[in-house]
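Here's the structure we're looking at; comments come further down.
The analysis underlying the following values was restricted to heavy atoms, covering all of them including side chains, and did not include hydrogens, waters or symmetry mates.
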Amino acid sequence: MKKQIRALIAKPGLDGHDRGALIIAQALRDHGMEVIYTGLRQSPIQIAQAAIQEDVDVVGLSSLSGAHKSLFPKVVQALKDKGAEDIPVIGGGVIPAEDIAYLEEQGVAKIFTSGTPTEAIANYIEKLVDPDAGLITSPEKIAHIGIAVKQLEAALPFYQDVLGLKLENVEEIASEQVRVAFLKIGETRLELLEPISEESPIQKHIDKRGEGIHHIALEVDDIHERLAQYRESGVALIHETPKTGAHNSQIAFLHPKAGNGVLYELCQHSEKE
């Protein structure tokens, strides 16, 4: 039987509001976790003591007061001072994006910004606690940037003669009704996409938005596992399963609403380029 996760939710410092923390606590309970809520105005030492006494698997901190840069690292340090650095600390609340890197450098495992779905938080905790679950890792690199063009022959002189890029190959992908030209630039590529029929998704893109950047492709090492993790986290997908792309790669697109209007492609090549 799978071990029930014990999570401690706390609001350090003088923060006088707890609605967000209570919502998270209830969401984690709904997800099958046992949740200990310490209430308002807890010191970092009190939070660390409670975490150890309750033998929790994770500590979740919430802050609306703006004191997160001071208080969150103090909780991490208090756990370390008491020999409990193996208890991970995550945080959320009203936290500016520019503070996230600092907090993670100070030992906070993950910062969730306002608006993060509670399902994503619960899934992250499960993977954080269970070493066999596997956390989502970052993509390896930008595989290519897809650019929609009306005609390859008309577009290529700029990339070859003005930018000085080398044309690697031109390939037709019948399933997508598109001709593709790849030009290498550093460790990535520019992918020029020419529609070969009126029904091509690229033709529809050009009709609606004109020529220009169509998508950004990210190189991943296990596209099936990544799509499964995204589905569990509630990420909007265009493709639930991979399909064949250029260079015999496996590809899948995330819905633009998942990426703030940017169309992202996941790409896994049979052999690393």
Checklist outcome for this item: One should read off an interatomic distance between H214 NE2 and F253 CZ, to the nearest 0.5 angstrom, of 6.0 Å
Item to check | Close side-chain approach of M33 to I125, heavy-atom, < 4.5 Å | outcome: yes
Checklist outcome for this item: Value for CG (L156) from CG (L165), rounded to nearest 0.5 Å, stands at 10.0 Å
Item to check | Pairs where residues 85-113 contributes a residue and the test side chain to side chain donor-acceptor pair (under 3.5 Å) is met, not counting sequence neighbours | outcome: H68-D99
Next on the checklist: Same cluster or not: I142 versus F182, using hydrophobic residues (I, L, V, M, F, W, Y) connected whenever any side-chain heavy atoms lie under 4.5 Å apart?
Outcome noted: no
Item to check | Connected via hydrophobic side-chain network under 4.5 Å: I9 and Y124 | outcome: yes
Item to check | Side chain proximity check, Q26 to L22, heavy atoms < 4.5 angstrom | outcome: no
Item to check | Backbone of E126 reached by a side-chain donor or acceptor of D130 within 3.5 Å | outcome: no
Item to check | Shortest non-hydrogen separation from Q250 to I223 and the atoms involved | outcome: O-CD1, 3.5 Å
Next on the checklist: If hydrophobic clusters are built from ILVMFWY residues whose side chains come within less than 4.5 Å, do I173 and V149 share one?
Outcome noted: no
Next on the checklist: So, taking the atom named CD1 in I90 and the one named CZ in F112, what distance separates them when rounded to the nearest 0.5 Å?
Outcome noted: 5.0 Å
Checklist outcome for this item: On a heavy-atom basis, the closest approach of A252 and L227 is CB-CD1, 3.8 Å
Item to check | Any donor-acceptor N/O pair, Q268 side chain to D221 backbone, under 3.5 Å | outcome: yes
Checklist entry - Do L103 and I47 belong together in a cluster built from hydrophobic side chains that touch within less than 4.5 Å? => result yes
Checklist entry - Between the side chain of T118 and the main-chain N/O of I24, is any donor-acceptor distance below 3.5 Å? => result no
Next on the checklist: Checking the side chain of S114 only, and the main-chain atoms of G93 only, is there a donor and an acceptor separated by less than 3.5 Å?
Outcome noted: yes
Next on the checklist: Between V75 and L61, is there a side-chain heavy-atom distance shorter than 4.5 Å?
Outcome noted: yes
Checklist entry - Taking C-beta and beyond as the side chain, do Q160 and L167 meet within less than 4.5 Å on heavy atoms? => result yes
Next on the checklist: Under 4.0 Å between a side-chain nitrogen and a carboxylate oxygen: does that hold for R231 and E240?
Outcome noted: yes
Checklist entry - Would a 4.5 Å heavy-atom cut-off, applied to side chains only, mark I206 and P195 as touching? => result yes
Checklist entry - Is any side-chain heavy atom of T188 less than 4.5 Å from a side-chain heavy atom of K141? => result no
Checklist entry - To the nearest 0.5 Å, what is the distance between OH (Y264) and CG (L237)? => result 15.0 Å
Item to check | Pairwise distance NE2(H239) to CG(L266) - rounded to 0.5 angstrom | outcome: 11.0 Å
Next on the checklist: Is there a side-chain contact between I87 and D57 in this structure, where contact means two heavy atoms from C-beta onward sitting under 4.5 Å apart?
Outcome noted: no
Checklist entry - Is there a side-chain contact between I121 and T116 (heavy atoms, below 4.5 Å)? => result yes
Next on the checklist: Closer than 3.5 angstrom, by distance alone: can the side chain of S200 be matched with the main-chain N or O of Q177 as a donor-acceptor pair?
Outcome noted: yes
Next on the checklist: Using 0.5 Å steps for rounding, measure from the CD atom of E176 to the OG1 atom of T244.
Outcome noted: 10.0 Å
Checklist entry - Is any NZ, NE, NH1 or NH2 atom of the basic residue among R6 and E34 found under 4.0 Å from an Asp or Glu carboxylate oxygen of the other? => result yes
Checklist entry - In this structure, are over 12 heavy atoms from other groups packed under 6.0 Å from K82 atom NZ? => result yes
Checklist entry - Can you name the nearest heavy-atom pair linking S62 to P12, along with the distance? => result O-CD, 3.5 Å
Checklist entry - Between the side chain of E194 and the main-chain N/O of A148, is any donor-acceptor distance below 3.5 Å? => result no
Item to check | Sole residue of K184, H215, E219 in side-chain hydrogen bond (donor to acceptor under 3.5 Å, both in side chains) with H144 | outcome: H215
Checklist entry - Is the NZ atom of K243 crowded by more than 12 outside heavy atoms at less than 6.0 Å? => result yes
Checklist entry - If you count the non-hydrogen atoms of other residues, nucleotides and ligands that lie under 6.0 Å from CZ in R209, is the total more than 12? => result no
Checklist entry - Between the main-chain N or O of E199 and the side-chain N or O of S197, is there a donor-acceptor pair closer than 3.5 Å? => result yes
Item to check | same_hphob_cluster(V235, I216) at 4.5 Å side-chain heavy-atom cutoff | outcome: yes
Item to check | Ring geometry between H247 and H269 (parallel below 30°, tilted from 30 to 60°, perpendicular above 60°) | outcome: tilted
